[in-house]
Student: 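Below is the structure I would like to discuss, written out as structure tokens.
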Amino acid sequence: MTDKAQPPHMVYAYAVLRPTPEAARAVAAVRGVADEQVGLVETGDLAAAVGPVPAEEFEEDALRADLERLPRLAALARGHHGVVAALAPLGAVLPLRLATVYRDEDRVRQILQERRDQFLPLLERLAGHVEWGVKVYTDPGDPADQADRSDSADQADSGARGGAAASEAAGERALSPGRAYLAARVRRRRGAEEAWQAAARAAARIAEEAGSLAVGRVAHRPQRGELAKAAAGGEQPGGAHAGGAKARGENIANDAYLVPAARAEDFRSRVLAAADGQPGVRVEVTGPWAPYSFSLPPEAAVRPEPA
């Protein structure tokens with residue numbers, strides 16, 4: 001921050017869209033991330049959905065600290081998405097990134113004018129399209145079930161592989177407790193690697209099926225750590241699962257697809273069908289959403305300059 005005097009409020013920007021009476025009525029009925037009244041800032045044939053937020057909570061340092069706290073991050077995301085979701089049925093909407101804040105409405109107008117040649121083609125391209133998210137996880141299942149399956153496989157397997165597995169299991173039983181523990185860890189690690197490979201093959205099949213219906217794809221970084229736990233631990237609106245509903249396993253694919261709205265349900269059902277019956281794999285399909293992943297071109301993917 002370079003301003004000597006901090007204003008009492010700043011401007012939180014949610015999305016870029018066309019200025020229409022319907023859009024004005026829609027924003028008048030929603031509240032934003034700070035429970036503020038949302039409105040439109042217009043300039044020519046573009047508008048931004050914005051709301052005044054307390055400067056002491058949304059200035060750069062305070063906002064950075066908030067984004068490091070998962071409960072606060074989740075609350076901001078819910079408020080942000082609530083505004084975007086209220087506007088999405090009106091037509092093409094370009095969601096701005098979470099926590100895009102400007103010093104005043106004049107700065108918002110300046111951004112709209114400077115990036116008009118980027119925003120307008122995107123609004124045209126995204127009209128009539130929605131975003132679907134597809135995540136692929138390894139699904140190790142319940143450890144007791146794994147043990148049962150492993151025992152059954154050892155008994156049913158035949159030939160050289162079956163003999164080798166039986167010999168390995170017998171060898172483990174003959175080892176000292178310490179060596180048996182290490183041998184069991186090696187077997188579990190090998191099982192985890194096989195599960196990852198199976199999930200990777202399933203992800204490739206799913207991507208091929210999804211790509212036949214979508215007009216765009218963005219491969220996001222797989223989720224790790226607390227963010228992955230939060231995403232997997234709760235129900236998501238519009239979400240569906242294949243291969244099990246337990247929140248476990250490693251996220252190996254985290255893709256977003258841009259799909260014509262008329263194909264939305266076909267996309268969902270065909271992706272789930274492609275994942276069905278794949279052992280060791282869990283798939284989550286969420287949507288339809290406003291096209292968050294496609295709202296800025298790659299060369300302009302840097303967050304708009306904040307206050």
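These figures come from a predicted structure and were not determined experimentally.
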Student: Salt bridge between Arg109 and Asp106, side-chain N to carboxylate O under 4.0 Å?
Tutor: yes

Student: Any side-chain heavy atom of Val283 within less than 4.5 Å of one from Tyr137?
Tutor: no

Student: Working note: Thr138 + Glu250, criterion side chain to side chain donor-acceptor pair (under 3.5 Å); need CA distance, chi angles, decisive distance, verdict.
Tutor: CA-CA 5 Å; Thr138 62; Glu250 179 185 358; 5.0 Å; no

Student: Is the closest side-chain heavy-atom distance between Leu126 and Val93 below 4.5 Å?
Tutor: no

Student: Do Leu67 and Arg72 touch side chain to side chain, with heavy atoms closer than 4.5 Å?
Tutor: no

Student: First locate atom CZ of Phe294, then atom OH of Tyr257, and finally report the distance between them rounded to the nearest 0.5 Å.
Tutor: 9.5 Å

Student: With a 4.0 Å cut-off on N to O distance, would you call Glu284 and Arg282 a salt bridge?
Tutor: yes

Student: Decide if the gap between the ring center of Tyr12 and the ring center of His80 is smaller than 6.0 angstrom.
Tutor: yes

Student: If you define the side chain from C-beta out and look only at heavy atoms, does anything of Pro288 sit under 4.5 Å from Glu131?
Tutor: no

Student: Looking at side-chain heavy atoms only, is the closest gap between Arg97 and Tyr292 below 4.5 Å?
Tutor: no

Student: Is the closest side-chain heavy-atom distance between Arg125 and Leu258 below 4.5 Å?
Tutor: yes

Student: Between Val53 and Val33, is there a side-chain heavy-atom distance shorter than 4.5 Å?
Tutor: yes

Student: For the atom pair CZ (Arg268) and OG1 (Thr286), what is the distance rounded to the nearest 0.5 Å?
Tutor: 10.5 Å

Student: Using a strict 4.0 Å threshold on nitrogen-to-oxygen distance, state whether Arg205 and Glu209 make a salt bridge.
Tutor: no

Student: Knowing that exactly one of Val27, Val38, Val30, Leu94 qualifies, which makes a side chain to side chain contact (heavy atoms under 4.5 Å, CB included) with Tyr14?
Tutor: Val38

Student: When rounded to the nearest 0.5 angstrom, what is the spacing between CG in Leu112 and CG in Asp45?
Tutor: 10.0 Å

Student: Can you name the closest pair of heavy atoms from Ala26 and Leu90 and give their distance?
Tutor: CB-CD1, 3.8 Å

Student: With side chains defined as the heavy atoms from C-beta onward, is the minimum distance between Pro291 and Val130 less than 4.5 Å?
Tutor: no

Student: Show the nearest heavy-atom pair for residues Val84 and Ala15, with the distance to one decimal.
Tutor: CG2-CB, 4.5 Å

Student: Roughly how far, to the nearest 0.5 Å, is the OG atom of Ser293 from the CH2 atom of Trp132?
Tutor: 14.0 Å

Student: Taking all non-hydrogen atoms of both residues into account, name the closest pair between Arg263 and Ser212 and its distance.
Tutor: NH1-O, 4.3 Å

Student: Assess Arg107 against Tyr102: is NZ or CZ under 6.0 Å from the centre of the six-membered ring, and within 45 degrees of the ring's axis?
Tutor: no

Student: Side chain to side chain contact (heavy atoms under 4.5 Å, CB included) between Val101 and Val11: does it pass, once the steps are laid out?
Tutor: CA-CA 6 Å; Val101 183; Val11 177; 6.0 Å; no

Student: Please report the C-alpha distance between Arg18 and Glu124 in whole Å, then the side-chain angles of each, then the deciding distance to 0.1 Å, and finally whether the salt bridge (Lys or Arg N to Asp or Glu O under 4.0 Å) criterion is met.
Tutor: CA-CA 10 Å; Arg18 298 278 194 176; Glu124 291 292 334; 3.0 Å; yes

Student: Any side-chain donor paired with an acceptor under 3.5 Å for Thr43 and Gln113?
Tutor: yes

Student: On a heavy-atom basis, which atom in Ser295 and which in Leu122 lie closest, and how many Å separate them?
Tutor: O-CD1, 3.2 Å

Student: Taking NZ, NE, NH1 and NH2 as the nitrogens, is one of them in Arg64 or Glu59 under 4.0 Å from a carboxylate oxygen of the other?
Tutor: no

Student: How long is the straight-line distance from CD1 of Ile206 back to CZ of Arg270, given to the nearest 0.5 Å?
Tutor: 13.5 Å

Student: Stepwise, does the side chain to side chain contact (heavy atoms under 4.5 Å, CB included) test hold for Glu36 with Arg31?
Tutor: CA-CA 5 Å; Glu36 85 283 6; Arg31 313 291 290 186; 5.5 Å; no

Student: What I want to find out is whether Lys135 reaches Asp255 closely enough, with some N-O distance under 4.0 Å, to be called a salt bridge.
Tutor: no

Student: With rounding to the nearest 0.5 Å, note down the distance linking CD in Gln118 to CD1 in Ile111.
Tutor: 10.0 Å

